Amino acid sequence: MWEKISKSIGDLLHSLQPNRVRETVHGANLDVQWGSCHVCLEGSRLCMCDHSIKGSKVVENGTGIEHHVEANGSFAHAVLNMIGMLIGLGQLSTPYALENGGWASVFLLIGLGIIGAYTSHLLGKCLDKNPKSRSYADIGQHAFGTKGKVLATTFIYMEIFMALVSYTISLHDNLFTVLSGLQIKVLWAKLSTSQLLTIMAVLVALPSLWLRNLSSISFLSSGGIFMSLLIFVSVACTAIFGGVKSYHRIPALHLHKIPAISGLYIFSYAGHIVFPDLYTAMKNPSRSFTKVSIVSFTLVIALYTALAFMGATFFGAEVNPQITLSMPKHLIVTKIALWATVLTPMTKYALEFAPVAIQLEHKLPNSMSSRAKMITRGSAGSCLLLLILALALSVPYFEYVLSLTGSLVSVGISITFPCAFYTKICWGQISKPAMVLNFSLIAFGTLLGVFGTISSSKLLVQSLRKAHSA
């Protein structure tokens, strides 16, 4: 069974053009395989490959190597991949968000999911209009020229960077919990045991950034779905094994907390930067991509809603921003969920850094040897990871960093930009009701982003001041 799942996830693994960036965040998959373009990179030649899934045919074109391929991704594979792109880090905080926002905030959670499905549909329509567009940044360029591409690319890398900081904070919190009782001291370093454990874990993952062929670890990308289902089952098992009492009452609504928790909800649906890759991997995407979006978002909304109510009901006001930290420590399912949450960030660093590494390598002079390029790429990735580690240890507030990421970056990528891109590209062909809807969503996304960013930033600054004064 898992071989089939890994194969379906692996169907999306393919190489990248210099200007094609395939990233995901929040636990979603960044499926990268350099194998099909390995000859281009080894020969220090510009890769001009048009990649897809099956039926590759290689043709020399004088300046590079071009692979003419045929997209054969099935409907089931596309649904599985889209679900894998959506669920991940964001699900850990949905119970906390529901408890703080009140049970009425579930309508915001569901509504944002519906909006996410709609904007996914819009991205598909944008790709229909221009077959040459094959990435999120390409759509931005088609809509607003170079400025649109630069804006989209900037937000993409901001989301990756901020999400990796959240991943590292999650690693810090869960690793210390799973290894509770362990004490580590370094005489010359004024660091706590939890900080030292996090540093050790990141150093273990650091060599993966030096790998040239990521296909050897691409199977790890299928772990996103497995981990999410594992956490969901683990939370349910806490009730079955009598670890908690499920009589906590969820408040109706905390209106003043909605801006802060909106970022957590938004981040949970932020997989749109990879949807164009999924679209180009499908067979007849113009006919089925919208259906894939509807089915995938429906299942993810159901999963998030069930997990949010279970966590908030079981743990009440004491629910942790990461649901795994609220589960009874003595249960085996808790230990499994904690280890799954710990291992996931360690397997994501290399996959999430791949777009940056590829862009960097293609900007290096062709005269550089492969070894020199590897050293440059690995050194740059190592420095970025150490910077992320330093930020995570300096700002160890998972819920506020994740909320800030959702409000500052993800809302634009998932709501505002797709509506703006589609409206610009299809101007004159859109009905008045659709025009009103798109402009309304642009305004809604902008307001949600502004108020959410202000609220989460204030909470983050307050937490830092309290920690500093203490």
Side-chain angles (χ1 to χ4, degrees), residues 25-27 88-102 105 108-109 111-112 115-116 151-173 198 253-270 272-273 317 319-322 325 345 352 384 387-417 420 441-470:
V25 293
H26 63 22
L89 194 62
Q91 71 163 345
L92 298 177
S93 61
T94 51
Y96 170 85
L98 185 71
E99 168 62 29
N100 279 268
S105 69
L108 178 62
L109 175 63
L112 288 172
I115 293 173
L151 181 64
T153 303
T154 301
F155 269 68
I156 286 171
Y157 283 121
M158 284 177 60
E159 189 173 48
I160 291 177
F161 184 84
M162 296 179 71
L164 285 176
V165 173
S166 299
Y167 264 124
T168 309
I169 297 173
S170 177
L171 171 63
H172 168 271
D173 297 341
T198 306
L253 180 65
H254 290 153
L255 190 60
H256 64 286
K257 294 184 178 181
I258 292 299
I261 67 162
S262 65
L264 299 176
Y265 285 155
I266 293 168
F267 185 84
S268 302
Y269 297 112
H272 290 64
I273 53 179
V319 65
N320 194 280
Q322 300 178 69
L325 300 179
E352 297 283 4
L384 282 174
L387 175 60
I388 286 172
L389 172 63
L391 286 174
L393 296 180
S394 302
V395 192
Y397 305 105
F398 176 82
E399 66 273 31
Y400 303 140
V401 174
L402 198 68
S403 178
L404 180 61
T405 305
S407 298
L408 180 63
V409 184
S410 300
V411 67
I413 290 176
S414 301
I415 300 178
T416 309
F417 291 170
L441 289 178
I442 291 173
F444 171 74
T446 302
L447 291 175
L448 205 62
V450 170
F451 286 109
T453 299
I454 294 174
S455 178
S456 55
S457 297
K458 285 183 177 180
L459 292 171
L460 183 59
V461 171
Q462 290 174 3
S463 299
L464 289 172
R465 286 178 177 175
K466 288 181 181 179
H468 182 70
S469 60

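Please read all numbers here as calculations on a predicted model, not as lab measurements.
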So do Ile169 and Tyr397 actually touch side chain to side chain, heavy atoms under 4.5 Å?
no
Does any non-hydrogen side-chain atom of Ile261 lie less than 4.5 Å from one of Ile258?
yes
Report the residues that fulfil side chain to side chain contact (heavy atoms under 4.5 Å, CB included) with Pro321, sequence neighbours left out, ordered by chain and then residue number.
Tyr96, Phe398, Glu399
Which heavy atom of Ser93 sits nearest a heavy atom of Leu402, and at what distance?
OG-CD2, 3.7 Å
Ignoring hydrogens, what is the shortest heavy-atom contact between Ser262 and Pro259? Give both atom names and the distance.
OG-O, 2.6 Å
If you measure from CG on Leu151 to CD1 on Ile156, what distance do you get to the nearest 0.5 Å?
10.0 Å
When you measure from the side chain of Ser268 to the backbone N and O of Leu264, does any donor-acceptor pair fall under 3.5 Å?
yes
Would you check if the side chain of Tyr265 reaches a backbone N or O of Gly406 as a donor-acceptor pair within less than 3.5 Å?
no
Is a side-chain donor or acceptor of Ser403 paired with a backbone partner of Ala260 at a separation under 3.5 angstrom?
yes
What pairs with Ile442 under side chain to side chain contact (heavy atoms under 4.5 Å, CB included), at least two apart in sequence or on another chain?
Thr416, Cys419, Ala420, Phe439, Thr446
If we only count heavy atoms from C-beta on, is the Asn320 to Leu92 side-chain gap below 4.5 Å?
no
In Å, rounded to the nearest 0.5 Å, how long is the span from CG of Leu164 to CG of Leu171?
11.5 Å
With a 4.5 Å cut-off on side-chain heavy atoms, are Ser414 and Tyr269 touching?
no
How long is the span from the CD1 atom in Ile415 to the CG atom in Leu112, to the nearest 0.5 Å?
5.5 Å
Non-neighbouring partners of Ser170 that pass side-chain hydrogen bond (donor to acceptor under 3.5 Å, both in side chains), sequence neighbours left out:
Asn174, Gln322
Which distance, rounded to the nearest 0.5 Å, do you find between the OG of Ser457 and the CD of Gln462?
11.0 Å
For Thr198, enumerate each residue passing the side-chain hydrogen bond (donor to acceptor under 3.5 Å, both in side chains) test, keeping only those at least two apart in sequence or located in another chain.
none
Residue set satisfying ring pair (Phe, Tyr, Trp, His ring centres under 6.0 Å) with Phe155, at least two apart, ordered chain then number -> Phe417
Could you give the side-chain donor-acceptor pairs of residues 447-456 under 3.5 Å, partners two or more places apart or in another chain?
{"residue": "Thr453", "atom": "OG1", "partner": "Ser407", "partner atom": "O", "Å": "3.4"}
{"residue": "Thr453", "atom": "OG1", "partner": "Leu408", "partner atom": "N", "Å": "3.4"}
{"residue": "Thr453", "atom": "OG1", "partner": "Gly449", "partner atom": "O", "Å": "2.6"}
{"residue": "Ser456", "atom": "OG", "partner": "Gly452", "partner atom": "O", "Å": "2.7"}
{"residue": "Ser456", "atom": "OG", "partner": "Thr453", "partner atom": "O", "Å": "3.3"}

Starting at CG of Leu464, measure out to CG of Leu459 and round the result to the nearest 0.5 Å.
11.0 Å
Do you know the tightest heavy-atom contact between Leu404 and Met162?
CG-CE, 4.0 Å
What is the minimum heavy-atom distance between Ser105 and Leu98, and which atoms define it?
OG-CD1, 3.6 Å
Shortest non-hydrogen pair, Ala163 vs Thr405, comes out as N-CG2, 4.4 Å
To check you understand the geometry: which heavy-atom pair defines the closest contact between Glu99 and His254, and what is its length?
O-ND1, 4.3 Å
